[in-house]
Amino acid sequence: MKKRFYGVMALILLVASVLAGCGGGNGGNNGNAEGAAAGGKESTAPNSGGDGGGLKPVELIWYYPLSQLQPDQEKIQEEFNKIVKEKINATVKLMPVALGDYVQKMNTVLASGEKFDILWTGYMMKPEELMRKGAIQPLDDLLDKHAPELKADVPQVMWDGLTVDGQIYGIPNQQINGSRYGYIIQKRFADKYKLDPASIKKVQDIEPFLEQIKQNEQGIIPFGNFGGNFDFTPQVHDDQYWSVPGLDGHFYVKTDDPTYKLYRYPEEELNNFRLVTDWYKKGYIYKDAATAKAADFSTKGQIAVEFNLILKPGVEAEVKVKNGGFDVITVPLSDWFSNGYSATTNQSISRTSSNPDRAMMLLNLINTDKELYNLICNGLEGVHYDKLEGDYIKAKDDSRYKPNMDWVFGSVFNSYLKEGQPENIWEETKKINSSAEVNPIGDFKFNSEPVNTEIANLNAVWDEYKRGILTGTLNFDETWPTLYGKLKEAGEEKYVEEVTRQFEQYLKDKGLKK
């Protein structure tokens with residue numbers, strides 16, 4: 001069985017730690033005012049009586065990221081609120097934010113103490129860090145009162161992954177709970193050049209194919225690496241490391257080391273940066289990748305090969321929609337593995353929420369009401385998509401609402417099926433979730449509070465260099481000495497010392513080390 005060396009190139013995750021200024025704590029728990037006014041707690045049984053079973057009307061504000069803002073957003077909000085108004089007597093101000101701006105926007109919102117109710121949390125905005133900053137509130141009592149159906153539906157491993165100091169701080173958006181990395185390749189090119197997927201055993205094996213694309217396909221980018229998010233991985237060499245979760249993506253333990261010694265920037269990781277530099281020099285990566293947007297090319301079918309960390313069931317159909325309508329094939333390079341539950345995509349309730357009870361009712365609704373969930377995921381039937389046989393839908397070519405990000409909103413197990421997805425996709429996904437190889441230190445949670453200043457400074461340094469390094473536009477060997485020098489000045493040693501201290505204590509508490 002292959003072992004895992006996972007997560008380095010997700011350097012975009014660094015921004016998730018820039019939370020030093022986020023307060024938002026002045027809301028405290030006074031947001032339960034509406035429950036107190038109603039005699040201590042709200043009704044837990046929304047119905048279709050038009051006023052949510054006698055609940056007083058409230059407005060909720062929900063922030064979440066989208067890869068692209070949608071022209072028909074207001075139309076969706078209007079229809080969304082017709083359902084929510086009837087079910088729980090609330091209206092919702094949907095606040096989508098462009099994916100690349102989400103971290104900065106939410107840090108500003110949190111730092112200002114703005115009153116709002118729900119925010120998407122996950123790989124860019126980690127719940128445990130937001131909890132340490134007093135930005136979000138515990139959900140245990142709210143779940144018990146207003147979302148028992150949702151609580152029972154979610155596997156315990158997911159609640160464990162969202163538990164900090166004994167309390168739950170997020171609602172997981174159920175989806176594939178693991179990773180299987182590899183390539184996504186346009187089928188037309190694979191067929192034309194007679195690519196044998198079985199010949200691709202490791203990352204570097206794709207290089208001859210990239211060279212063919214470069215030499216023969218004018219206007220096509222061989223390798224679609226734009227340095228934005230999960231564009232590459234250090235899984236190049238001997239599958240010998242596990243990534244340590246909850247950190248900045250540069251700490252590892254060896255899979256065969258019973259002492260769980262920490263490695264910081266191991267040579268295998270640095271060699272991957274060197275590989276990207278080499279591929280950029282050879283012309284496999286777009287010359288302006290560090291400043292360009294991947295979507296400007298992928299939507300026109302101009303990217304031949306992409307790297308993907310989650311080659312989930314049905315991904316071919318999902319990618320086809322975003323890939324100019326061109327069919328793709330997948331080439332897995334690993335088995336399934338996971339951190340248990342790494343809190344990749346969730347919803348949390350703000351400390352400043354004036355209506356936390358109703359916010360939880362909404363989260364219960366979006367995860368249990370298939371009509372509401374598919375409305376925000378896909379838009380309106382006949383307007384934005386057509387219903388096909390069974391549970392299948394097809395987006396209209398001229399649709400003005402096509403976010404294609406079901407995983408942002410709630411449980412994808414409630415999603416309509418897209419053309420090309422297997423009919424049993426959700427059953428297969430659940431099987432993967434229960435059988436993936438689990439990182440033995442996947443439940444480690446880092447308390448960043450003692451080194452918040454250092455983390456912010458380190459992130460600022462990486463922000464200056466990361467896209468250039470991830471795309472190869474900066475020569476790694478020439479850049480690394482200067483970059484590492486700046487990291488040391490920013491507090492690298494203190495940060496590593498604190499991570500090591502907490503990790504050693506975690507190993508002792510878990511019985512992995514005496």
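Keep in mind the model is a prediction, meaning the values are calculated, not measured.
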Please verify the inter-ring angle class for Tyr183 with Phe223; under 30° counts as parallel, over 60° as perpendicular, anything in between as tilted.
perpendicular
Would you call Lys320 and Glu419 a salt bridge, using N to O less than 4.0 angstrom?
no
Hey, what's the ring geometry for Trp462 with Trp480, parallel, tilted or perpendicular (30° and 60° as the breaks)?
tilted
Checking Arg180 against Phe337: charged group under 6.0 Å from the ring centre and within 45 degrees of the axis?
no
4.5 Å side-chain heavy-atom contact, Asn378 and Ile393:
yes
Yes or no on side-chain contact (heavy atoms from CB on, under 4.5 Å) for Trp159 and Val154, after CA distance, side-chain angles and deciding distance?
CA-CA 7 Å; Trp159 294 127; Val154 174; 3.5 Å; yes
Any ion pair linking Asp391 and Lys418 (charged N to carboxylate O, less than 4.0 Å)?
no
On the 0 to 90° scale, with breaks at 30° and 60°, tag the Phe503-Phe444 ring pair as parallel, tilted or perpendicular.
perpendicular
Check whether Gln347 reaches the backbone of Leu363 with its side chain - one donor and one acceptor, N or O, closer than 3.5 Å.
no
Tell me, please, whether Phe476 has Arg274 positioned over its six-membered ring: NZ or CZ under 6.0 Å from the ring centre and within 45 degrees of its axis?
no
Whether Ser298 side chain and Asn323 backbone form a donor-acceptor pair below 3.5 Å
no
May I ask you to establish whether Lys387 and Tyr416 are in a cation-pi arrangement, using a distance under 6.0 Å from NZ or CZ to the six-membered ring centre and at most 45° from the ring axis?
yes
So, does Asn177 use its side chain to make a donor-acceptor pair with the main chain of Asn433 at under 3.5 Å?
no
Side chain to side chain donor-acceptor pair (under 3.5 Å) with Asp72: of Gln77, His384, Lys402, only one passes, and it is His384
Can a cation-pi geometry be assigned to Lys430 and Phe413, taking NZ or CZ under 6.0 Å from the six-membered ring centre and within 45° of the ring axis?
yes
With a 4.0 Å cut-off, would you call Lys293 and Asp296 a salt bridge?
no
Parallel under 30°, tilted from 30 to 60°, perpendicular over 60°: which one fits the rings of Phe446 and Tyr495?
perpendicular
Any chance CG of Asp397 has more than 12 other-residue heavy atoms, nucleotides or ligands included, within less than 6.0 Å?
no
